[in-house]
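Predicted, not measured: the structure shown is a model, and the values here were computed from it.
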Amino acid sequence: MMSSGGIGVPLGFPLGPTSVIQITNLSSAVTSEQMRTLFSFLGDIEELRLYPPDNAPLTFSSKVCYIKFREASSVGVAQHLTNTVFIDRALIVVPCAEVMQPTRTVVMCNTAFDHRENTALGKRPCLISFGS
């Protein structure tokens, strides 16, 4: 049975309150500072990770960003930015589950997106580690 985690997004694993979002379909020109500026209006940001990072030696056609807010309530507000055009692409903002470890947070997102088609590819978990 699929659980919505109380936020209306069907996920393949139970999702309690989370304070992490995944933003996909980002322009290759976007920077960490631009993402921080845009999303800091929605709540206090504890941590932000942009992949590939600003200083990556190679160029990529798209980027993905993970933001951990101080308050889980910021996640619901942030989802309202889905389909907002930022630079040259419509953002896709989804909540991610957190698995707390003693020194870091591991983020598990359950849907991969085809950025060219703006459609879900299916259930493929990804893990991103926050913290030291």
Side-chain angles (χ1 to χ4, degrees):
M1 180 171 171
M2 301 281 264
S3 171
S4 70
I7 55 174
V9 178
L11 299 170
F13 51 86
L15 181 63
T18 180
S19 60
V20 178
I21 57 171
Q22 176 191 51
I23 306 106
T24 57
N25 200 36
L26 292 171
S27 170
S28 60
V30 76
T31 66
S32 297
E33 189 59 35
Q34 290 171 323
M35 296 303 294
R36 185 172 300 279
T37 300
L38 178 64
F39 283 89
S40 66
F41 290 104
L42 308 178
D44 292 332
I45 295 175
E46 273 189 28
E47 194 164 356
L48 182 143
R49 296 278 178 103
L50 182 64
Y51 296 100
D54 294 333
N55 57 355
L58 301 174
T59 59
F60 295 87
S61 62
S62 180
K63 291 186 177 183
V64 63
C65 184
Y66 295 89
I67 296 176
K68 182 175 182 180
F69 289 104
R70 199 168 310 263
E71 302 278 331
S73 61
S74 298
V75 170
V77 177
Q79 285 183 271
H80 289 286
L81 287 181
T82 293
N83 289 326
T84 299
V85 176
F86 187 64
I87 300 181
D88 62 350
R89 298 189 185 184
L91 302 178
I92 301 168
V93 182
V94 295
C96 290
E98 301 175 59
V99 179
M100 296 304 290
Q101 294 181 352
T103 60
R104 63 184 179 188
T105 301
V106 176
V107 177
M108 298 176 6
C109 299
N110 202 28
T111 305
F113 288 93
D114 182 338
H115 302 294
R116 297 169 305 238
E117 301 291 327
N118 206 19
T119 58
L121 293 174
K123 306 215 178 282
R124 292 191 286 176
C126 64
L127 297 176
I128 302 297
S129 178
F130 282 94
S132 53

**Prompt:** After noting the C-alpha distance and the side-chain angles of D54 and K63, does the key distance pass the side-chain contact (heavy atoms from CB on, under 4.5 Å) rule?
**Reply:** CA-CA 10 Å; D54 294 333; K63 291 186 177 183; 4.1 Å; yes

**Candidate list L91, V93, N83, I92, test side-chain contact (heavy atoms from CB on, under 4.5 Å), partner N25, passing option** = I92

**Request:** Mind listing the closest non-hydrogen atom pair of S40 and I45 along with its distance?
**Result:** N-CD1, 3.7 Å

**Message:** Going by the rule side chain to side chain donor-acceptor pair (under 3.5 Å), which residues pair with S19 if we only count those two or more places apart in sequence or in a different chain?
**Reply:** E98

**Item:** Nearest heavy atoms of A29 and I87, plus distance in Å
**Value:** C-CD1, 4.3 Å

**Prompt:** I21 and F39: side-chain contact (heavy atoms from CB on, under 4.5 Å), yes or no, with the steps?
**Reply:** CA-CA 10 Å; I21 57 171; F39 283 89; 3.8 Å; yes

**Item:** side-chain contact (heavy atoms from CB on, under 4.5 Å) partners of S28, counting only residues at least two apart
**Value:** none

**Message:** Using side-chain heavy atoms (C-beta onward) and a distance below 4.5 Å, is L50 in contact with L26?
**Reply:** yes

**Message:** I'd like to know whether E71 forms a side-chain contact (heavy atoms from CB on, under 4.5 Å) with D44, so could you lay out the CA-CA distance, the side-chain angles of the two residues, the decisive distance to 0.1 Å, and finally the verdict.
**Reply:** CA-CA 7 Å; E71 302 278 331; D44 292 332; over 6 Å; no

**Asked** What is the minimum heavy-atom distance between P17 and A72, and which atoms define it?
**Response** CB-CB, 4.3 Å

**Asked** Same cluster for V30 and F60 if Ile/Leu/Val/Met/Phe/Trp/Tyr side chains link at under 4.5 Å?
**Response** no

**Asked** What heavy-atom pair brings F69 and E46 nearest, and what distance separates the two atoms?
**Response** O-OE2, 4.1 Å

**Request:** Kindly indicate whether the side chain of T84, heavy atoms from C-beta on, has any atom under 4.5 Å from the side chain of L38.
**Result:** no

**Backbone N/O of R89 and side chain of S27: donor-acceptor pair under 3.5 Å** = no

**Request:** State the CD-CZ distance between E47 and R36, to the nearest 0.5 angstrom.
**Result:** 9.0 Å

